[in-house]
Amino acid sequence: MGSLEAKLSAIDAATRWSENQQGKDRVRQAGGKIDKIFGADVFSQQVMRMRLPEDIYQRLMKTMEDGKPLDLKVADVVAADMKEWAIENGATHYTHWFQPLTGLTAEKHDSFATPDGEGGVILSLSGSELCQSEPDASSFPSGGLRATFEARGYTAWDATSPAFLIHGENNVTLCIPTAFVSWTGEALDQKTPLLRSMEALSAQAMKILHFFGTDKGVKRVFTTVGAEQEYFLIDRHLYYARPDLVSCDRTLFGAQPPKGQQLDDHYFGSIPPRVLACMSETEYELYRMGIPVKTRHNEVAPGQYEIAPVFETSNVACDHQMLIMETIKRVAPRYGFQAILHEKPFAQLNGSGKHNNWSMTTDLGANLLDPQDETHTNMEFLVYLCAVIRAIDIHADLLRASIASAGNDHRLGANEAPPAIISIFLGDMLTDIVEQLEQGVPSRTLKGGEMTLGATTLPQIPRDSGDRNRTSPFAFTGNKFEFRAVGSSATSAWPNTVMNTIVAESLDFLAQALEEEAGPNPTAKEQESAVCQVLQELIKQHKRVIFNGDGYRQEWHDEAARRGLPNLKDSSEAIPKLLEEKALSLFETYNVLSRPEVASRMNAYLEKYAMQVHIESETMVLMARQMILPAAIQHQARLAGAVQATMAAGVECPDQKSALQEWVGLVLRLNTTLNSLAEVDNHSEDDPSGDALYVRQSVVPAMDALREVADELETRVATDLWPLPSYRDLLFIK
């Protein structure tokens with residue numbers, strides 16, 4: 001489909017939808033019915049309490065809440081009831097749903113039906129089938145943990161993440177969240193290390209609770225996550241007319257339109273009707289799966305939107321985050337859209353992130369990162385706060401590596417995306433308290449007060465004690481930390497695994513330091529003195545990571561270098577940090593990942609990075625040869641024909657001759673940069689680290705050079721000759 005044909009089809013489809021589709025059954029109105037549909041397709045605790053025998057339910061809760069081993073007899077009863085519930089809701093198949101190192105999810109469907117030996121079938125799901133399955137592991141990334149011919153892998157039921165139903169066009173499937181490991185027991189997925197890291201943090205946080213005597217009745221500490229998801233919606237006719245979007249999920253060519261996001265008129269604006277209908281149906285399906293989405297709005301760039309859930313326990317939140325992405329992509333085509341989750345689908349416009357809001361909570365519901373009113377007296381909170389500060393300072397390179405990807409490399413450092421330098425924003429109130437702690441015992445908490453808006457009809461509203469910082473990669477935002485650097489297409493599990501582990505290590509360090517400083521059976525005064533003494537020394541050592549200013553300014557980059565903060569600008573620099581002794585020892589000490597498991601992740605992520613860049617470069621070469629160069633030559637022929645005809649008529653045309661000569665030069669430059677990219681891309685290194693470094697240093701610059709000349713051609717070639725939908729078409733046809 002040509003560019004013009006695609007554009008007309010998109011406009012026609014949008015018009016027809018606007019005129020004819022509103023009000024039809026396709027647009028499900030979930031408003032006012034959420035209480036009836038929420039969790040309808042989830043085998044939740046409420047469903048289990050109603051269906052399971054009381055003793056079975058209580059024994060299962062011991063596994064889910066206290067980490068007790070699961071009895072196979074309990075699993076048999078749970079499996080039978082889960083199967084009956086699923087069949088009652090239309091399911092015919094079940095699958096162990098897991099998250100391999102591809103960054104996506106995986107599933108293999110099995111039918112409930114089994115031949116009964118008498119010409120009929122029985123519908124069954126045993127406890128062993130619920131707890132374990134054996135998908136082929138040979139073709140999933142393993143980063144060297146497994147050879148291709150070694151195919152055996154196991155999935156294991158994560159009882160803490162509820163099973164759910166997925167509705168297709170004519171099918172329903174029971175999805176059982178699972179971990180995925182190799183025959184050797186090594187983790188091949190994202191969930192296994194996440195669960196291990198949650199246990200590691202819980203164990204160390206309990207030590208701090210015990211020190212303060214606030215552990216009574218507390219069995220575990222959970223990390224909680226609420227991840228805001230940004231994404232683009234573009235018309236599918238235009239999407240399929242762009243080979244780069246189809247193959248790479250981002251535009252490899254594209255000149256800037258006169259109007260982009262300069263006016264900020266899309267941000268929080270009125271949501272286009274077709275988009276709102278798509279959002280509503282997406283939310284409807286998410287509500288049915290028990291995913292508590294809360295917020296929807298237009299984002300900054302035209303065609304960009306956001307959906308955000310409320311907080312959940314980390315492993316459940318990360319499962320739900322994958323389902324949010326899958327549901328957005330599944331529902332969008334019903335409304336003629338294609339959802340783009342890439343971090344930077346359009347150059348020089350805002351990219352998309354997944355702002356990861358992270359906190360720590362006891363199983364009794366206490367948020368350990370809640371500063372409360374008189375924060376300077378809340379010594380326990382200050383310990384947790386300083387543990388995070390220390391963790392980020394010591395392991396900034398690991399945190400940067402956890403969000404490294406080919407897509408995120410394009411996003412970080414501009415357009416509301418934080419820079420690659422990892423720092424912490426605390427705001428005025430906490431910064432003031434930290435500065436007081438460095439000098440001794442803090443004595444005050446800054447207050448925000450109230451704002452009078454100047455009109456008697458408007459209420460006085462409370463003012464927070466400090467503003468927010470949109471350029472900070474790791475910002476304290478009231479009662480949680482917001483890790484803004486996570487990429488929109490990434491799994492949340494890996495960065496949360498890293499955060500949990502590095503904070504667990506700092507909590508462990510602080511628990512030992514506090515116990516040594518306070519001595520046995522300290523009084524309240526001795527305890528406070530010990531806290532102030534330990535935190536004072538910690539702040540002096542690690543305050544360099546605190547920065548409340550503009551992360552985009554060159555002055556900060558220069559200052560960060562003086563402070564000794566790492567600035568890992570791209571994935572080829574960041575990912576290898578996983579293999580340094582500091583990282584290997586950290587993951588091994590807290591039983592999150594073995595040394596081979598860490599190495600496997602480094603290899604897998606570097607291989608994926610290099611592979612994505614190679615795919616993009618090959619796509620660029622094909623598009624330039626098959627689409628852009630022919631269009632440029634056609635335009636050149638028109639110019640040459642016009643010059644020839646004008647001169648044949650006896651009229652001198654020096655300006656037209658000059659324009660033709662300039663155009664010939666541009667076409668020659670296009671051909672030169674095209675051949676250069678083809679040449680450098682026809683090479684790769686043997687090891688993942690070397691190949692990643694090669695594509696970053698050689699292939700990416702060649703891609704940039706080709707794009708520069710192609711985008712200039714787009715601004716000058718005749719519209720009817722240009723073969724690709726423009727940015728204006730992609731961003732504004734809704």
Side-chain angles (χ1 to χ4, degrees), residues 223-231 267-268 295 297 299-301 304-309 311 314 317-318 321 324-325 341-344 349-359 369 388-389 391-393 395-405 407-427 430 464 466-500 502-503 545-553 556-557 560 565-569 571 574:
T223 53
T224 58
V225 170
E228 307 162 23
Q229 177 70 54
E230 296 174 337
Y231 61 98
Y267 189 49
F268 276 33
T295 302
H297 63 83
E299 257 300 336
V300 175
Q304 187 183 33
Y305 308 94
E306 181 178 299
I307 184 171
F311 279 72
S314 290
C318 292
Q321 178 56 221
I324 287 172
M325 292 194 290
L341 298 178
H342 193 281
E343 285 75 14
K344 196 73 169 181
L349 295 177
N350 266 34
S352 295
K354 193 193 307 286
H355 302 160
N356 193 95
N357 296 282
W358 178 92
S359 190
L369 287 179
V388 175
I389 292 172
I392 303 306
D393 183 35
H395 299 293
D397 53 351
L398 276 186
L399 208 57
R400 170 65 180 92
S402 76
I403 49 91
S405 70
N408 221 16
D409 282 356
H410 295 288
R411 167 181 168 260
L412 295 178
N415 300 109
E416 288 199 8
I421 302 168
I422 302 296
S423 63
I424 293 181
F425 169 83
L426 294 182
L430 288 184
D464 289 309
D467 209 341
R468 289 193 174 184
N469 188 324
R470 310 305 286 175
T471 68
S472 175
F474 206 86
F476 189 81
T477 55
N479 60 3
K480 63 187 184 301
F481 279 99
E482 182 183 23
F483 189 21
R484 296 178 54 81
V486 182
S488 54
S489 68
T491 169
S492 296
W494 178 229
N496 280 289
T497 297
V498 172
M499 277 195 290
N500 292 345
I502 64 177
V503 173
V545 79
I546 300 171
F547 177 66
N548 292 341
D550 184 352
Y552 292 164
R553 294 176 63 85
W556 163 237
H557 290 239
L565 299 180
N567 185 6
L568 305 171
K569 296 180 180 179
S571 297

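Throughout, numbering of the chain's residues begins at 1 and tracks the sequence.
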Subject >> Option among K344, E299, E230, R411 that satisfies the side chain to side chain contact (heavy atoms under 4.5 Å, CB included) test with S352 >> reply: E230
Original post:
Can you name the ring pair (Phe, Tyr, Trp, His ring centres under 6.0 Å) partners of W358, sequence neighbours left out?
Top reply: none
**OP:** Apply ring pair (Phe, Tyr, Trp, His ring centres under 6.0 Å) to H297 and list each qualifying residue two or more places apart in sequence or on a separate chain.
**Re:** F268
Original post:
Passes side chain to side chain contact (heavy atoms under 4.5 Å, CB included), W556 versus L565? Steps please.
Top reply: CA-CA 11 Å; W556 163 237; L565 299 180; 3.6 Å; yes
Subject >> Donor on one side chain, acceptor on other, S489 and E343, under 3.5 Å >> reply: yes
Original post:
Which pair of non-hydrogen atoms, one from L568 and one from R400, has the smallest distance, and what is that distance?
Top reply: O-NE, 2.8 Å
**OP:** List the atom of V388, the atom of I424, and the distance in Å for their closest heavy-atom pair.
**Re:** O-CD1, 4.1 Å
**OP:** Report the relative orientation of the aromatic rings in H410 and H342; use parallel for angles under 30°, tilted for 30 to 60°, perpendicular for over 60°.
**Re:** tilted
Original post:
Would E306 and T295 count as having a side-chain donor-acceptor pair, cut-off 3.5 Å?
Top reply: no
**OP:** Of all the heavy-atom pairs spanning I403 and N408, show the shortest one and how long it is.
**Re:** O-ND2, 2.9 Å
Subject >> Closest heavy-atom pair and its distance - F483, P495 >> reply: CE2-CB, 4.1 Å
Subject >> Residue pairs fulfilling salt bridge (charged side-chain N to carboxylate O under 4.0 Å, His left out) with at least one residue in residues 488-498, sequence neighbours excluded >> reply: none
Original post:
Which atoms form the tightest heavy-atom contact between L426 and N548, and what is the distance?
Top reply: N-OD1, 3.1 Å
**OP:** Give, for atom CG of L369 and atom CZ of F481, the distance between the pair rounded to the nearest 0.5 Å.
**Re:** 6.0 Å
Original post:
Which heavy atom of G551 sits nearest a heavy atom of P419, and at what distance?
Top reply: O-CG, 3.5 Å
